[in-house]
Amino acid sequence: MNGAEPMRVLVTGGSGLVGKAIEHVVKQEGGCLKGEQWTFLYSKEANLVDLQQTRAVFEKYRPTHVIHLAAKVGGLYLHMKDNLHFLRDNLRINDNVLQTSHEMGVTKVVSCLSSCIFPDKTTYPIDESMIHNGPPHDSNFGYSHAKRMIDIQNRGYFAQHGRHYTAVIPTNVYGPYDNFNFENGHVLSALMHKTYAAKKEGTPLQVWGSGTPRRQFIYSLDVARLFLWVLREYDEIDPIILSVGEEEELTIKDAVEMIADALDFKGQIVFDTSKSDGQMKKTASNAKLRRYLPDFTFTPLSEGIKKTCDWFVHNYDIART
């Protein structure tokens, strides 16, 4: 893309984990090219479930490009209780953003899917071609089906209107500005908060589950850098998985030890095996990403965990807990 063309980028869900990381890369790491304007939309400025508010915000900023991160999300138990609500709200948000983008002539939209949308019963590693191969996990079927529909809709806008609307699928993202809530935070950030609290109170660290499930974790700033590449360079409509390699997959127990290290927690670590482990693994292939970017360097997990823990400790009063 020619850097001289004015590019007005609207990022929905701008206050979330990935939105904040993109803002950091754009504003602090020189990720903003000459002639580009970036707007980070917070939920309080517009409720994207509402079509009128969505249109008004697009009229206001007139984006040429959209990074669509906004979604209605909650913890595991909230999803299980409220699947219909998550289905309907996310279907509305996505349709409002994509259709308004189309009607206003937005050149490119990059939406964010989630690795939890893949079929529950599957073979490993999972790749981009397998999204629709079977039902998602029953716990969050509403959210998952709404997210899958973005891919279907993207194909439709391309087939009927030649629009370059695509999507990325990050694996487990962690980093500054995450949700560190014990109950419904992401796994690493919730563990960071628990470890911080256990250290402060001089109590053992209670980890839910056996610690044996394996996950691929990707640092939010790496995701942000890859988002910019997708926005500018990636021309496929089919989604692309943003993940560290399969060989980087590690157990929750390994991650807990890295967190204990980063926070200098010397107490006892107890795995509460009466609590569910969830899926034992969700191994995703990053072969497609590697074909495009063979030399991309991911932040090592221990380094990313240290940076996130330091951020959490220094920003405890503003962190989402």
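Values below: all heavy atoms of this structure, side chains included; hydrogens, waters and symmetry mates excluded. Given the structure is predicted, the values throughout are model-derived calculations rather than measurements.
The main-chain N or O of Ile237 is never found under 3.5 Å from a side-chain atom of Asn154 such that the two would form a donor-acceptor pair. When atom types are taken as modelled, the side chain of Thr308 and the backbone of Gly304 share a donor-acceptor pair closer than 3.5 angstrom. Panel note: side chain Glu128, backbone Ile241; a donor-acceptor pair is recorded below 3.5 Å. A side-chain donor-acceptor contact under 3.5 Å links Asp50 to the backbone of Gln53. Looking only at distances, no side-chain donor or acceptor of Ser114 sits under 3.5 Å from a matching main-chain atom of Ile117. Side-chain N or O atoms of Ser220 include none that pairs as donor or acceptor with a backbone N or O of Leu17 at under 3.5 Å. Not one N or O on the side chain of Asn172 forms a donor-acceptor pair closer than 3.5 Å with the backbone of Phe217. Under the 3.5 Å distance criterion, the side-chain polar atoms of Tyr165 are matched with a main-chain donor or acceptor of Val106.
The pair Glu257-Lys253 meets the salt-bridge criterion, with a side-chain N (NZ, NE, NH1 or NH2) lying under 4.0 Å from an Asp/Glu carboxylate O. Classification of Glu236 and Lys288 as a salt-bridged pair holds, one side-chain N sitting under 4.0 Å from a carboxylate O. A salt bridge links Lys275 to Asp272: one of the charged nitrogens lies within less than 4.0 Å of a carboxylate oxygen.
Between Met258 and Leu250, the closest side-chain pair of non-hydrogen atoms falls below 4.5 Å. Using a 4.5 Å heavy-atom threshold, the side chains of Leu10 and Arg62 count as separate. Two residues are said to be in side-chain contact when any heavy atoms from C-beta on lie closer than 4.5 Å; Ser144 and Cys116 meet this criterion. Side chains of Val26 and Glu23 form no contact here, defined as non-hydrogen atoms less than 4.5 Å apart.
Closest of all the heavy-atom pairs between Phe182 and Lys194 is CE2-N, 3.5 Å. Nearest heavy-atom pair, Glu249 versus Lys282, reported as atom, atom and distance to 0.1 Å: OE2-N, 4.1 Å. Nearest heavy atoms, Ala146 versus Asn90: CB-CB, 3.6 Å. When all heavy atoms of Lys72 and Val49 are compared, the pair lying nearest together is NZ-CG2, 4.1 Å. Residues Pro125 and Ala284 share a closest heavy-atom pair of CB-C, 4.1 Å. Summarising the geometry of Arg148 relative to Phe118, their closest heavy-atom pair is NH2-C, 3.6 Å, with the distance given to 0.1 Å.
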Pair Asp222-Arg225, salt bridge (charged side-chain N to carboxylate O under 4.0 Å, His left out): steps then yes or no: CA-CA 5 Å; Asp222 292 345; Arg225 294 168 193 128; 2.8 Å; yes
Apply the test side-chain hydrogen bond (donor to acceptor under 3.5 Å, both in side chains) to residues Gln216 and Asn286: give CA-CA distance (whole Å), side-chain angles for both, the deciding distance (0.1 Å), then the verdict. CA-CA 11 Å; Gln216 286 152 297; Asn286 73 349; over 6 Å; no
Before you tell me yes or no, could you show the steps for Tyr219 and Glu303 under side-chain hydrogen bond (donor to acceptor under 3.5 Å, both in side chains), namely the whole-Å CA-CA distance, both residues' side-chain angles and the distance that decides it to 0.1 Å? CA-CA 9 Å; Tyr219 189 47; Glu303 185 188 319; over 6 Å; no
Run the numbers on His68 and Thr12 for side-chain hydrogen bond (donor to acceptor under 3.5 Å, both in side chains), then give the verdict. CA-CA 5 Å; His68 175 37; Thr12 72; 2.8 Å; yes
Apply side-chain contact (heavy atoms from CB on, under 4.5 Å) to Leu301 and Leu188, showing your working. CA-CA 11 Å; Leu301 186 60; Leu188 285 193; 4.3 Å; yes
Glu248 and Arg214: salt bridge (charged side-chain N to carboxylate O under 4.0 Å, His left out), yes or no, with the steps? CA-CA 10 Å; Glu248 303 290 318; Arg214 305 175 70 81; over 6 Å; no
Tell me, with the steps shown, if Trp311 and Tyr177 meet ring pair (Phe, Tyr, Trp, His ring centres under 6.0 Å). CA-CA 8 Å; Trp311 182 88; Tyr177 298 98; 4.7 Å; yes
The test is salt bridge (charged side-chain N to carboxylate O under 4.0 Å, His left out); show your working for Glu59 and Arg55 and say whether it passes. CA-CA 6 Å; Glu59 290 284 1; Arg55 283 204 172 128; over 6 Å; no
Would Tyr292 and Trp229 count as a ring pair (Phe, Tyr, Trp, His ring centres under 6.0 Å) here? Give the steps. CA-CA 10 Å; Tyr292 279 104; Trp229 168 77; 5.3 Å; yes
List the steps, then state whether side-chain contact (heavy atoms from CB on, under 4.5 Å) holds for Gln268 with Leu205. CA-CA 6 Å; Gln268 191 192 1; Leu205 169 59; over 6 Å; no
Yes or no on side-chain hydrogen bond (donor to acceptor under 3.5 Å, both in side chains) for Ser210 and Asp277, after CA distance, side-chain angles and deciding distance? CA-CA 7 Å; Ser210 65; Asp277 272 330; 2.7 Å; yes
Evaluation steps, ring pair (Phe, Tyr, Trp, His ring centres under 6.0 Å), between Tyr42 and Phe40: CA-CA 7 Å; Tyr42 287 22; Phe40 292 85; 8.2 Å; no
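Under a hydrophobic clustering in which Ile, Leu, Val, Met, Phe, Trp and Tyr are joined whenever their side-chain heavy atoms come within less than 4.5 Å, directly or via other members, Val109 and Leu48 fall into the same cluster. When hydrophobic clusters are built by joining Ile, Leu, Val, Met, Phe, Trp and Tyr residues whose side-chain heavy atoms come closer than 4.5 Å, directly or via intermediates, Val9 is grouped together with Leu228.
A distance of 13.0 Å separates CZ in Arg155 from CD1 in Ile150, rounded to the nearest 0.5 Å. Residue Gln160 holds its CD atom at 8.5 Å from NE2 of His102, rounded to the nearest 0.5 Å. Summarising the geometry, atom CD belonging to Gln52 is positioned 9.0 Å from atom CG belonging to Asn96; distances are rounded to the nearest 0.5 Å. Between Met280 atom CE and Ile252 atom CD1 the span is 9.5 Å, to the nearest 0.5 Å.
Taking a 6.0 Å sphere around NZ of Lys281, one finds it holds more than 12 heavy atoms contributed by other residues, nucleotides or ligands.
Figure legend: Lys200 and Tyr316 shown as a cation-pi pair, the cationic atom lying under 6.0 angstrom from the six-membered ring centre and within 45 degrees of its axis.
When each of His186, His193, Arg320 is tested with Asp178 by the rule side-chain hydrogen bond (donor to acceptor under 3.5 Å, both in side chains), just one qualifies, namely His186. A ring pair (Phe, Tyr, Trp, His ring centres under 6.0 Å) with Phe180 is found for exactly one of Tyr174, Phe312, Tyr196, namely Phe312.
There is a side-chain donor-acceptor pair under 3.5 Å between Trp38 and Glu36. Tyr124 and Glu246 share no donor-acceptor pair across their side chains, judged by distance under 3.5 Å alone.
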